2 protein chains.
Amino acid sequence: MRPAKISESAVRRLSLYLRVLDAFELVGKTTVSSGDLAEVGGMTPAQVRKDLSHFGSFGKRGLGYPVSELRERVTEILGLGRRWRVGLVGAGKLGAALFFYDGFRGQGFDVVGVFDNDTGKIGQRWGRLVVEDIESMDRVVRATRIEMGIIVTPALSAQPVADLLIAAGVEAILNFAPTRLRVPPEITLRNVNLEIEVESLAFALTHENGV
Amino acid sequence: MRPAKISESAVRRLSLYLRVLDAFELVGKTTVSSGDLAEVGGMTPAQVRKDLSHFGSFGKRGLGYPVSELRERVTEILGLGRRWRVGLVGAGKLGAALFFYDGFRGQGFDVVGVFDNDTGKIGQRWGRLVVEDIESMDRVVRATRIEMGIIVTPALSAQPVADLLIAAGVEAILNFAPTRLRVPPEITLRNVNLEIEVESLAFALTHENGV
DNA sequence: TCGTGTGAACGAATTCACAGCG
DNA sequence: CGCTGTGAATTCGTTCACACGA
């Protein structure tokens, strides 16, 4: 089943369902209802059913969904049935935190290249990798067929880095730099902006209870 | 002007406008049109006008918005006209990256407490702070009147940590742990889930061009 | 009977389009 | 005339409610 258009938020919920399914499988539960999934994930049963129905009918009426089969299907849907090669640009503290973060590898994302332009960082050994000069990025991205780039540079470097990544053939970028990147429409871009997150907290605290 | 209900995404756009206004003020531009703001921020002029109109009429017809005045107003609206006291729980790599990240301090967020339960980390000096035992969190949060908590712990510790923060009087939480936190409705919660971000990239790459 | 799958109803957010003011 | 401010129209996402199959 090839769904027409799935909303960004629906896709994010699929990731959540997958976590819940992992947990259920771990404790040996064999079926779950949309209500179960909704309860743990913090959404409504109707939404769970609607989200899943975009991709097919995986449940049995009166019963629920078979946990392990649904888990496999959602894994497949999210594109996690394979491993992805990721390049990390920016070998600062945040870059290091992401590199050594187990969550990525666990879900099928292998960071196979780390790049920086700081001579103090180039050549450093990170796990089984060595931090490479950003000058070699084009070559390495092509050679190792890196598909996704994670940008963890200062704001000013982010756009040039993105351009280089795209020129080297990367198809998706996760940008942590606090800048709006301009990328061609065929490139998938997601932004994580830490300042915006805390500012939205400040807004909420400022405007709640009529202050 | 007290707006009825502003969508989460509108608030996030306000943060973006603020960045653009900063940039414009820096180069000495005195007025901007909604088109200018939209262009840089990547949205439509109508949306910019609608977003701003929720809080008042700051523009002059035929002219645009006065940069520095609008900047002040947006700063005020977002609750950035003051400084916020933040506590960071989890002194791992990601915690360190956030702690030493200048973006927070620049926008008015001061990390005034860092906590961990690892005896190897407790007592470490981080800048002008010392990593404190999580046991002292309640006391320190009250004493220093910490208002926001940032959770950068493993998934399993996140919920107990959140409970402690809330018991100590924190009103808003930014959660980086890959878990759904349960918090009472009066607590503002935002989640940043790195796994979900890369998974949404994988989904996009898997489903584009009909693959 | 129970819980899925889904059209239909609803609500929220974005875009349109234009009146009105500088 | 140019650009804001805003109701109206539209699009998009969520929730409802119920027919249907296990």
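In this text, all values refer to a predicted model and were calculated from it rather than measured experimentally. Numbered from 1 within each chain, the chains take letters A, B, ... in sequence-line order.
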According to the interplanar angle, ranging from 0 to 90°, do the rings of A:Phe109 and A:Trp84 count as parallel (below 30°), tilted (30 to 60°) or perpendicular (above 60°)?
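Rings of A:Phe109 and A:Trp84: parallel, as their planes differ by under 30°.
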Using a cut-off of strictly less than 4.0 Å, decide whether A:Tyr65 has a side-chain nitrogen or oxygen near OP1 or OP2 of C:dG5.
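Answer is yes, contact under 4.0 Å.
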Look at B:Ser9 and C:dT14 and indicate whether a side-chain polar atom (N or O) is within less than 4.0 Å of OP1 or OP2.
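Answer yes for this pair, as a side-chain N or O of B:Ser9 is under 4.0 Å from OP1 or OP2.
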Hey, what do you get for CZ (B:Arg49) to NE2 (B:His54), rounding to the nearest 0.5 Å?
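It is 13.0 Å, given to the nearest 0.5 Å.
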To the nearest 0.5 Å, tell me how far B:Ser157 OG sits from B:Ile151 CD1.
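These two atoms lie 9.5 Å from each other.
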Given B:Glu199 and A:Arg19, is the salt bridge (charged side-chain N to carboxylate O under 4.0 Å, His left out) satisfied, shown in steps?
CA-CA 12 Å; B:Glu199 288 175 17; A:Arg19 297 294 121 68; 2.3 Å; yes
For A:Ile77 versus B:Phe203, what's the shortest heavy-atom pair and its separation?
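For A:Ile77 versus B:Phe203, the nearest heavy atoms are O-CD1, 3.3 Å.
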How close do B:Val111 and B:Leu129 get, heavy atom to heavy atom, and via which atoms?
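Shortest heavy-atom separation between B:Val111 and B:Leu129 comes out as O-CD1, 3.4 Å.
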Side-chain donor or acceptor of B:Gln159 paired with backbone N/O of B:Arg182 under 3.5 Å:
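Yes.
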Counting N and O atoms only, with roles assigned by atom type, does the side chain of A:Asp36 sit under 3.5 Å from a partner on the main chain of A:Ser33, one being a donor and the other an acceptor?
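At least one qualifying donor-acceptor pair exists.
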Could you state the atom-to-atom distance from [atom1] of [X] to [atom2] of [N] in whole Å?
X: B:Ile6; N: C:dT14; atom1: CD1; atom2: P; result: 11 Å
X: A:Leu70; N: C:dG5; atom1: CG; atom2: C1'; result: 14 Å
X: A:Glu8; N: C:dA13; atom1: CD; atom2: P; result: 17 Å

With B:Asp110, the salt bridge (charged side-chain N to carboxylate O under 4.0 Å, His left out) member among B:Arg145, B:Arg85, B:Arg82, B:Arg83:
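Going through the options one by one, the only one that passes is B:Arg83.
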Under a 3.5 Å threshold, yes or no: a donor from one side chain and an acceptor from the other, between A:Asn193 and A:Glu197?
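No, no side-chain donor-acceptor pair sits under 3.5 Å.
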Hey, can you pull the residues of residues 24-36 of chain A with a non-hydrogen atom under 4.0 angstrom from DNA chain C?
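DNA chain C contact set from residues 24-36 of chain A: A:Ser33, A:Ser34.
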A correct 5'-to-3' footprint of nucleotides 15-22 of chain C, with B, S and - meaning base, sugar-phosphate only and no protein heavy atom under 4.0 Å, is BBB-BBBS
What is the 5' to 3' range of DNA chain D, first to last nucleotide, that sits under 4.0 Å from any heavy atom of chain A?
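Contacts span D:dG13 to D:dA22, reading 5' to 3'.
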Test side-chain contact (heavy atoms from CB on, under 4.5 Å) applied to B:Leu181 and B:Asn175, B:Ile166, B:Val161, B:Ile187, the passing residue
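Of B:Asn175, B:Ile166, B:Val161, B:Ile187, side-chain contact (heavy atoms from CB on, under 4.5 Å) with B:Leu181 is met by B:Asn175 alone.
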